[in-house]
Student: 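The following block contains the structure, expressed as structure tokens.
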Amino acid sequence: MGTEQRALFIIFGGTGDLAKRKLYPSLFNLYRKGFLNENFAVIGTARRPWTDEYFQKVVTDAINSEDALAEDATQFASHFYYQSHNVNDTEHYITLRNLADKLDRKYEIGGNRMFYLAMSPRFFGTIAEHLKSQKIVTSEGYNRVIVEKPFGRDFASATELNDAIGRYFPEKDVFRIDHYLGKEMVQNILAVRFGNNLFRALWNNRYIDNIQITLSEALGVEERAGYYETAGALRDMVQNHILQIVALLTMNMPASYSEEDIRREKIYALKSLKKYTPAQVQANFIRAQYTAANGQRGYREEEKIASDSATETFVAGKLFVDNENFSGVPIYVRTGKRLSQKRSRIDIAFKTMPTNIFAPQPLGQNVLTINIEPEGKIFLQINVKQVGQGFTLKKSHLDFFPTSNGKQVFPEAYEKLFADALAGDATNFTHWEEVAYSWKFVDAIRTAWDQHDYALEEYPCGSMGPVAADKLLARDGHKWFYTGQEH
């Protein structure tokens, strides 16, 4: 069981899809595990005129799929309250403060408040200002703000957004969510790198040949068309999830496993990303859009998408981290929608033996694969002798497949991140400097695309992207290890 926490959660955007799909089930799991017990309450706010009773029904419906006992679900939902709210109306914040103070007393919370901004970023500054001016921020407990991505759409807007929040909340109280940092196998990157001398010794440009990161999605834009048309794959996936993984893979060894030391090294890794000129962008980054195939319609045929849209639904690129250990190591990344399978995977390819004493038999490359989802798994490809007469080599795997009682059950990423935020641990959240350096790198690519007539490639639904993405690696004598089929 977890250590019980006392907190009042105020969720702006409490009627939204994110709250129902992720936030409420994650809070319920923390409740069942003892992180939350009697001394917590949740206020959901949005413009809809819901009652407490209706809101509690929405919450119980949201957690029914979590194999919930009816009694547990009902008891949990009784801690939820609803406040119809206009984020621009000062009077509404006064009403919200009165309800928050009342619940703080009722549940003996001690002034600890978590403000979750599950809304459009354009409201973040307004909400932060009113929370402070209307004294919803308490003086006796902690006050923490959790914000969702996208955190800006370029460096300039991200800076403006950060300043708007920073006027009222210090950096230590701002928790920027990147849900990939809550995933079990992403957190395993540091365990593998710094918990094993075998990999610690080899994790550098003397032994690593290249790194590949694939975040592929089988779905299209679905109900996110309005947002996606203004964002595209580069902003939606590369700036945050992919570059955070790059930082974890290439950061120097921290002095300790602590928020401060890990953050320092991640910032340095992102600061070391090689910035590209427009010509280098053209040579090293590919953008593409899915077209109709396999019974699925193309991006331009989706609802709410312009018939001449140039928004990329796929990005592939080669990037470099110019620090001491990784200078010269190509890092190939790709992400896209309507690809053959949903898969998040990292492949670290080690250099081949300088001398092959088994020639003419070829030696397979040693590759460490970290499979993030849909199932978590780590495997190392090695060369071994085939059983039997003679001396024939074959590729084999050393596998790690974490299970409990034969089943693989990982905590949901949001559940883990909620628990971290309650404990005041921001290790698995993104610091402003991480966000800033990521945007500076991505802005160079976006600007080159916007200012030059670089090709927008096409790829059929159900493929693994355009041919140009394969050619990007072939040029260097490499190929993608993940081909879009189940391994």
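The figures that follow rest on heavy atoms only: side chains count, while hydrogens, waters and symmetry mates do not.
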Student: Can you tell me if Lys471 has over 12 outside heavy atoms packed within less than 6.0 Å of its NZ?
Tutor: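 No, because the 6.0 Å sphere around NZ of Lys471 holds 12 heavy atoms or fewer from other groups.
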
Student: Quick check: do Leu117 and Phe123 have side-chain heavy atoms less than 4.5 Å from each other?
Tutor: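 The answer is no, as the side chains (C-beta and beyond) never meet within the 4.5 Å cut-off.
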
Student: Any sub-3.5 Å donor-acceptor pair from Ser340's side-chain atoms to Met464's backbone N or O?
Tutor: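 Absent.
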
Student: Check whether any side-chain N or O of Asn356 sits under 3.5 Å from a backbone N or O of Gln361 as a donor-acceptor pair, and report yes or no.
Tutor: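 Yes.
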
Student: Can you establish whether the number of heavy atoms outside Met353 located under 6.0 Å from its atom CE is more than 12?
Tutor: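 No, not enclosed.
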
Student: Calculate, to the nearest 0.5 Å, the distance between atoms NZ and CG belonging to Lys479 and Asp470 respectively.
Tutor: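 Taking NZ in Lys479 and CG in Asp470, the distance rounds to 10.5 Å.
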
Student: For Tyr227, does the six-membered ring have the charged nitrogen or CZ of Arg224 within the cation-pi criterion, i.e. under 6.0 angstrom from the centroid and within 45° of the normal?
Tutor: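 Cation-pi check for Arg224 and Tyr227: fails.
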
Student: Any side-chain donor-acceptor pair under 3.5 Å between Ser307 and Arg300?
Tutor: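 Result is no, nothing qualifies.
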
Student: Given side chains that start at C-beta, do those of Asn284 and Leu319 come closer than 4.5 Å, heavy atoms only?
Tutor: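 No, side chains not in contact.
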
Student: Check whether any side-chain heavy atom of Ile189 sits under 4.5 Å from a side-chain heavy atom of Ile370, and report yes or no.
Tutor: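 Result yes, sub-4.5 Å side-chain heavy-atom pair found.
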
Student: Using modelled atom types only, decide if a donor and an acceptor are shared between the side chain of Arg193 and the backbone of Leu249 within a distance under 3.5 Å.
Tutor: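 Yes, Arg193 side chain to Leu249 backbone: donor-acceptor pair under 3.5 Å.
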
Student: Taking atom NZ of Lys183 and atom OH of Tyr414, what is their separation to the nearest 0.5 Å?
Tutor: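 Here the rounded value is 9.5 Å.
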
Student: Quick test of your reading of the model: are Glu184 and Lys416 salt-bridged, counting only N-O distances below 4.0 Å?
Tutor: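 Looking at Glu184 and Lys416, the cut-off is met.
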
Student: Apply side-chain hydrogen bond (donor to acceptor under 3.5 Å, both in side chains) to Asp261 and list each qualifying residue two or more places apart in sequence or on a separate chain.
Tutor: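 Listed in chain order: Ser256, Ser258, Arg264.
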
Student: Hey, can you tell me if Trp203 and Phe199 have their rings parallel, tilted or perpendicular (30° and 60° cut-offs)?
Tutor: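 If you compare the ring of Trp203 with that of Phe199, the planes turn out perpendicular.
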
Student: Quick check: do Phe9 and Leu422 have side-chain heavy atoms less than 4.5 Å from each other?
Tutor: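 Yes, their side chains come closer than 4.5 Å.
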
Student: Between the main-chain N or O of Gly220 and the side-chain N or O of Glu302, is there a donor-acceptor pair closer than 3.5 Å?
Tutor: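 No; judged by distance alone, with no hydrogens or angles, the pair does not exist.
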
Student: Applying side chain to side chain contact (heavy atoms under 4.5 Å, CB included) to Leu270 and Trp439, what does each step give before you reach the verdict?
Tutor: CA-CA 10 Å; Leu270 292 167; Trp439 272 126; over 6 Å; no

Student: In sequence, state the C-alpha distance, the side-chain angles, and the governing distance for Lys304 and Val221, and then conclude on side chain to side chain contact (heavy atoms under 4.5 Å, CB included).
Tutor: CA-CA 10 Å; Lys304 300 181 181 177; Val221 291; over 6 Å; no

Student: So, the side chain of Ser309 versus the backbone of Ala306: is there a donor-acceptor pair under 3.5 Å, distance only?
Tutor: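 No; zero donor-acceptor contacts below 3.5 Å.
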
Student: Closest approach of Phe391 and Leu393, non-hydrogen atoms and distance?
Tutor: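 Looking at all heavy atoms of both residues, the closest pair is CE2-CD2, 3.8 Å.
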
Student: Is the closest basic N to carboxylate O distance between Arg167 and Glu129 below 4.0 Å?
Tutor: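 Salt bridge between Arg167 and Glu129, a charged N being under 4.0 Å from a carboxylate O: no.
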
Student: Could you walk me through whether Ile165 and Ile127 pass the side chain to side chain contact (heavy atoms under 4.5 Å, CB included) test, one step at a time?
Tutor: CA-CA 9 Å; Ile165 297 172; Ile127 294 171; over 6 Å; no

Student: With a 4.0 Å cut-off on N to O distance, would you call Asp236 and Lys149 a salt bridge?
Tutor: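 Salt bridge: yes.
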
Student: Would you kindly say whether Lys266 and Gln244 are connected by a side-chain donor-acceptor distance under 3.5 Å?
Tutor: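 Yes, side-chain donor-acceptor contact under 3.5 Å.
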
Student: Donor-acceptor check, side chain of His431 to backbone of Glu433, threshold 3.5 angstrom: yes or no?
Tutor: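 Side chain of His431 to backbone of Glu433, a donor-acceptor pair under 3.5 Å: yes, one is there.
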
Student: What do you reckon, is CD of Glu301 surrounded by more than 12 foreign heavy atoms closer than 6.0 Å?
Tutor: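 Enclosed: over 12 neighbouring heavy atoms sit under 6.0 Å from CD of Glu301.
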
Student: Taking all non-hydrogen atoms of both residues, which atom of Gln187 and which atom of Gly182 are closest, and how far apart?
Tutor: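 Between these two residues, the closest heavy atoms are NE2-CA, 3.7 Å.
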
Student: Examine distances only and state if a side-chain atom of Arg343 and a backbone atom of Gly484 form a donor-acceptor pair shorter than 3.5 Å.
Tutor: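 The answer is no, because no donor-acceptor pair under 3.5 Å joins these two groups.
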
Student: Would you mind checking if Arg446 and Glu312 are paired as a salt bridge, meaning a charged N to carboxylate O distance below 4.0 Å?
Tutor: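 Yes.
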
Student: Is the closest side-chain donor-acceptor distance between Glu229 and Tyr299 under 3.5 Å?
Tutor: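 Yes, because at least one side-chain N or O of Glu229 sits under 3.5 Å from a partner of the opposite role on Tyr299.
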
Student: Give a yes or no answer on whether the side chain of Asn196 reaches the backbone of Leu198 with a donor-acceptor pair at less than 3.5 Å.
Tutor: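 Checked: no pair found.
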
Student: Mind checking whether Phe12 and His85 have parallel, tilted or perpendicular rings, split at 30° and 60°?
Tutor: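 The rings of Phe12 and His85 stand perpendicular, inter-plane angle above 60°.
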
Student: Can you tell me if Tyr116 and Glu148 form a side-chain donor-acceptor pair at under 3.5 Å?
Tutor: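 A donor-acceptor contact under 3.5 Å links the two side chains.
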
Student: Between the side chain of Asn371 and the main-chain N/O of Glu375, is any donor-acceptor distance below 3.5 Å?
Tutor: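 Side chain of Asn371 to backbone of Glu375: a pair is present.
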
Student: Cut-off 3.5 Å, side chains only: do Thr369 and Asp347 have a donor facing an acceptor?
Tutor: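 On atom types as modelled, these side chains qualify, holding a pair under 3.5 Å.
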
Student: Check Arg235 against Gln239 and note the closest heavy-atom contact, atom names and distance.
Tutor: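 Heavy atoms of Arg235 and Gln239 come nearest at O-CB, 4.0 Å.
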
Student: Of the options Ile177, Leu23, Asn29, which is the one that meets Phe418 in a side-chain contact (heavy atoms from CB on, under 4.5 Å)?
Tutor: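 When side-chain contact (heavy atoms from CB on, under 4.5 Å) is applied between Phe418 and each of Ile177, Leu23, Asn29, only Leu23 qualifies.
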
Student: Measuring from atom CD1 of Ile305 to atom OH of Tyr228, what distance do you get when rounded to the nearest 0.5 angstrom?
Tutor: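 Result: 9.5 Å between the selected atoms.
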
Student: With a 4.5 Å heavy-atom cut-off, do Phe401 and Phe379 have their side chains touching?
Tutor: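 They are not in side-chain contact.
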
Student: With a 4.0 Å cut-off, would you call Glu222 and Arg338 a salt bridge?
Tutor: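 Yes, charged N to carboxylate O under 4.0 Å.
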
Student: Aromatic contact between Phe350 and Tyr207, with the criterion being ring centroids under 6.0 Å apart: yes or no?
Tutor: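 No, the ring centres sit 6.0 Å or more apart.
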
Student: Out of curiosity, Thr447 OG1 to His452 NE2, how far, rounded to the nearest 0.5 Å?
Tutor: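 Reported value, rounded in 0.5 Å steps: 10.0 Å.
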
Student: Looking only at non-hydrogen atoms, find the nearest pair between Ala46 and Thr15 and report the distance.
Tutor: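 Smallest interatomic distance, heavy atoms only, reads CB-OG1, 3.5 Å.
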
Student: Apply the test side chain to side chain contact (heavy atoms under 4.5 Å, CB included) to residues Lys271 and Lys440: give CA-CA distance (whole Å), side-chain angles for both, the deciding distance (0.1 Å), then the verdict.
Tutor: CA-CA 9 Å; Lys271 186 178 180 179; Lys440 286 177 180 178; over 6 Å; no

Student: For the residue pair Lys337 and Tyr459, what are the closest heavy atoms and their distance?
Tutor: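 Shortest heavy-atom separation between Lys337 and Tyr459 comes out as O-OH, 2.7 Å.
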
Student: Distance-only criterion, 3.5 Å: show the donor-acceptor pairs between side-chain atoms of residues 325-332 and protein atoms not counting sequence neighbours.
Tutor:
| unit_1 | atom_1 | unit_2 | atom_2 | d |
| --- | --- | --- | --- | --- |
| Asn325 | ND2 | Asn252 | OD1 | 3.4 |
| Tyr332 | OH | Asp476 | OD2 | 2.6 |
| Tyr332 | OH | His478 | ND1 | 3.0 |

Student: Output the distance between atom CG (Leu181) and atom CG (Asn428), rounded to the nearest 0.5 Å.
Tutor: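 These two atoms lie 6.0 Å from each other.
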
Student: Just wondering, are more than 12 heavy atoms of other shown residues or ligands nearer than 6.0 Å to CD in Glu260?
Tutor: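 Open.
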
Student: Taking all non-hydrogen atoms of both residues, which atom of Tyr24 and which atom of Gly14 are closest, and how far apart?
Tutor: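 In terms of heavy atoms, the two residues are closest at OH-O, 2.6 Å.
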
Student: Does any N or O in the side chain of Glu458 come within less than 3.5 Å of the main-chain N or O of Tyr290, such that one atom is a donor and the other an acceptor?
Tutor: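 Absent.
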
Student: Measuring from Ile245:CD1 to Ile346:CD1, what's the distance to the nearest 0.5 Å?
Tutor: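 Atom-to-atom, Ile245:CD1 and Ile346:CD1 are 5.0 Å apart.
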
Student: I'd like to check Leu215 versus Glu373 (side-chain heavy atoms, cut-off strictly below 4.5 Å). Are they in contact?
Tutor: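 They are not in side-chain contact.
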
Student: Establish, from distance only, whether the side-chain atoms of Asn162 and Arg176 form a donor-acceptor pair under 3.5 Å.
Tutor: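 A pair is found: one side chain offers a donor N or O, the other an acceptor, under 3.5 Å apart.
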
Student: Does Arg345 qualify as a cation-pi partner of Tyr482, given the criterion of NZ or CZ under 6.0 Å from the six-membered ring centre and within 45 degrees of its axis?
Tutor: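 No, Arg345 and Tyr482 do not form such a contact.
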
Student: Inspect the surroundings of CZ in Arg47 and state if more than 12 heavy atoms from other residues, nucleotides or ligands are less than 6.0 Å away.
Tutor: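 No - once you tally the heavy atoms of other residues, nucleotides and ligands closer than 6.0 Å, there are 12 at most.
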
